[in-house]
Amino acid sequence: MTTTHFLGCDWGTSSFRLHLVDASTGESLCHIQDSDGIQAVRLRLTKTRPAEERSRWMRSLLREKTELLARRSNMDIDGLPILVSGMASSSIGLCELPYARLPLSLEKPNLVTRIFTPSEILPHTILLISGISGEDDVMRGEEIQVLGLSDQYSLDQSICILPGTHSKHLYIKDGNLVNFRSFLTGELFDLLQSHSILSESVDAIDFGSPDSVSSFRKGVEESGSNSLLHSLFTIRARHLLKGSSPQNNYFRLSGLLIGTEVRELKSDVPIVLAGSGSLTKLYSEALNEMGIDHETETGTDRLTLLGQRKCLPLLNIDSSLI
């Protein structure tokens with residue numbers, strides 16, 4: 001089977017992305033993105049709906065998305081394979097697949113997959129790609145990003161940081177992903193600022209003003225000198241006793257949590273930070289504050305497509321194109 005293009009679907013918990021991809025370069029030619037993530041889709045279905053019926057319904061939804069992409073791109077995409085990664089392979093997704101086990105080769109990924117042949121529901125071949133599990137950790141989606149990252153950097157011996165709600169530190173040795181650690185940093189930040197006693201003492205603003213940068217750096221510095229649980233409470237006390245602004249407290253809280261996460265990193269191993277938006281800027285600022293050298297790669301969508309491109313041989317696609 002030979003293809004010059006494929007459809008790359010990143011079906012996450014909270015968002016849906018579908019790209020028309022040039023198979024020779026991994027470049028997106030057209031894409032759609034919306035909030036039809038796996039969680040939102042699950043809420044539309046009854047809890048008693050059988051898994052087989054859920055799978056058919058989700059494939060019909062995927063057909064609607066491909067038809068929209070075809071109209072938007074003004075290209076004939078009939079028959080192009082769809083590579084699907086992310087939470088679509090979870091228990092609430094298209095079909096639950098077991099996790100692949102470490103180590104993972106970045107050159108020839110030994111991932112767990114399932115192929116759906118074309119049908120009246122969706123006239124495209126689907127390659128559903130599962131996630132990775134370690135001894136006491138799991139992920140779905142980030143392994144595809146690190147495959148793409150390995151196309152851009154020499155990752156023979158390095159640590160890759162992927163910021164997010166559950167950020168990941170991925171450990172690479174001899175071209176293989178050998179271990180990873182997940183951190184609840186983003187989710188904990190959201191819980192603290194929205195549902196804890198700190199909610200009255202923090203208020204979000206854009207990062208970049210001198211005060212916000214200074215407050216973030218102080219949080220990073222404090223993360224290495226005091227108990228995190230005590231430092232978190234001092235944000236409230238400082239607001240009550242010293243009138244510290246909710247905006248500055250917001251970034252002090254962020255600095256405390258991100259600083260706690262990245263402080264244990266060893267600076268003698270090459271580090272690549274891969275992400276996009278303001279969160280990646282905060283992680284880079286924290287690493288700089290600690291004197292940890294790193295490279296920063298932005299554009300996680302492109303990394304996902306490059307990683308999916310590496311999975312094309314699992315469909316027996318002509319490898320001369322990739």
Side-chain angles (χ1 to χ4, degrees), residues 1-12 16-33 58-59 62-63 65-66 69-70 73 75-89 93-95 97-101 103-119 122-132 139-155 160 162 170 172 175-177 274 297 299-322:
M1 180 179 181
T2 301
T3 186
T4 57
H5 299 84
F6 69 91
L7 303 181
C9 177
D10 178 16
W11 210 336
F16 174 93
R17 298 177 179 87
L18 182 66
H19 295 257
L20 172 60
V21 188
D22 184 327
S24 64
T25 64
E27 294 288 343
S28 175
L29 305 178
C30 184
H31 80 281
I32 59 173
Q33 177 177 342
M58 292 184 69
R59 278 181 282 160
L62 191 52
R63 178 171 185 164
K65 307 292 188 183
T66 60
L69 182 64
S73 67
M75 291 181 62
D76 180 9
I77 65 173
D78 286 351
L80 292 182
I82 307 175
L83 276 66
V84 184
S85 59
M87 290 298 291
S89 62
L94 180 64
C95 172
L97 297 180
Y99 293 99
R101 298 288 295 178
L104 173 70
S105 168
L106 301 185
E107 188 58 36
K108 296 182 178 180
N110 48 315
L111 292 162
V112 175
T113 61
R114 175 175 172 178
I115 294 177
F116 291 82
T117 56
S119 67
L122 180 64
H124 296 263
T125 298
I126 301 174
L127 179 69
L128 180 63
I129 306 168
S130 187
I132 296 286
M139 64 181 173
R140 291 187 191 270
E142 292 89 354
E143 72 288 341
I144 300 298
Q145 292 178 2
V146 79
L147 289 177
L149 199 60
S150 67
D151 259 10
Q152 308 297 300
Y153 295 87
S154 175
L155 300 179
C160 300
L162 304 179
L170 299 95
I172 314 299
N176 295 291
L177 173 63
E297 173 69 28
T300 52
D301 277 0
R302 172 159 168 73
L303 294 180
T304 296
L305 299 182
L306 289 172
Q308 290 176 339
R309 177 173 169 261
K310 277 197 168 183
C311 297
L312 280 173
L314 299 174
L315 267 174
N316 296 317
I317 297 294
D318 184 353
S319 60
S320 65
L321 292 173
I322 57 175

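The chain is numbered in sequence order, starting from 1.
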Reported OG1-to-CZ distance for the pair Thr304 and Arg17, which is rounded to 0.5 angstrom: 7.5 Å

Test side-chain contact (heavy atoms from CB on, under 4.5 Å) applied to Gln308 and Val21, step by step: CA-CA 10 Å; Gln308 290 176 339; Val21 188; 5.5 Å; no

pair Leu94-Arg114: side-chain heavy atoms closer than 4.5 Å: no

Reported CG-to-CG distance for the pair Leu314 and Leu128, which is rounded to 0.5 angstrom: 12.0 Å

Minimum heavy-atom distance between Ile144 and Ser85, given as atom pair plus value: CG1-CB, 3.7 Å

CG on Leu20 to OG on Ser73, rounded to 0.5 Å: 5.5 Å

Between CD1 on residue Ile82 and CG on residue Leu127, distance to nearest 0.5 Å: 11.0 Å

Validation row: Leu7, Leu83 side chains within 4.5 angstrom (heavy atoms): no

side-chain contact (heavy atoms from CB on, under 4.5 Å) against Phe16, all qualifying residues, sequence neighbours excluded: Cys9, Trp11, Leu18, Ile32, Asp34, Asp36, Leu62, Lys65

Flag, side chain of Glu143 to backbone of Gly141, donor-acceptor distance under 3.5 Å: yes

CD1-CG distance between Ile132 and Leu177, expressed to the nearest 0.5 angstrom: 6.5 Å

Heavy-atom closest pair, residues Arg140 and Ser89: NH1-OG, 2.7 Å

Approximate separation, where rounding is to 0.5 Å, of Leu111 CG and Leu104 CG: 5.0 Å

Side-chain (Thr125) to main-chain (Pro81) donor-acceptor, under 3.5 angstrom: no

Minimum heavy-atom distance between Val84 and Ile126, given as atom pair plus value: CG2-CG2, 3.8 Å

Thr66 and Leu80, any side-chain heavy atoms less than 4.5 Å apart: no

Nearest atoms (heavy-atom pairs only) where Leu305 meets Ser28: CD1-CB, 3.7 Å

For Asp10 against Gly86, the heavy-atom pair lying closest together: OD1-CA, 4.4 Å

Minimum side-chain heavy-atom gap Met58-Cys95 below 4.5 Å: no

Side chain to side chain, Ser24 and Thr4, heavy atoms closer than 4.5 Å: no

Test item: Ile77 and His5 side chains (from C-beta on) under 4.5 Å apart, heavy atoms: no

Side-chain atoms of residues 148-155: list all donor-acceptor pairs with protein atoms under 3.5 Å, sequence neighbours left out, distances to 0.1 Å.
residue: Ser150; atom: OG; partner: Leu147; partner atom: O; Å: 2.5
residue: Ser150; atom: OG; partner: Lys310; partner atom: NZ; Å: 2.7
residue: Asp151; atom: OD2; partner: Arg309; partner atom: NH1; Å: 3.4
residue: Tyr153; atom: OH; partner: Glu297; partner atom: OE1; Å: 2.9

By ring-ring contact (aromatic ring centres under 6.0 Å, His included) - contacts of His31 (at least two apart): His19

Smallest separation among heavy atoms of Cys160 and Val146, with atom names: SG-CG2, 4.0 Å

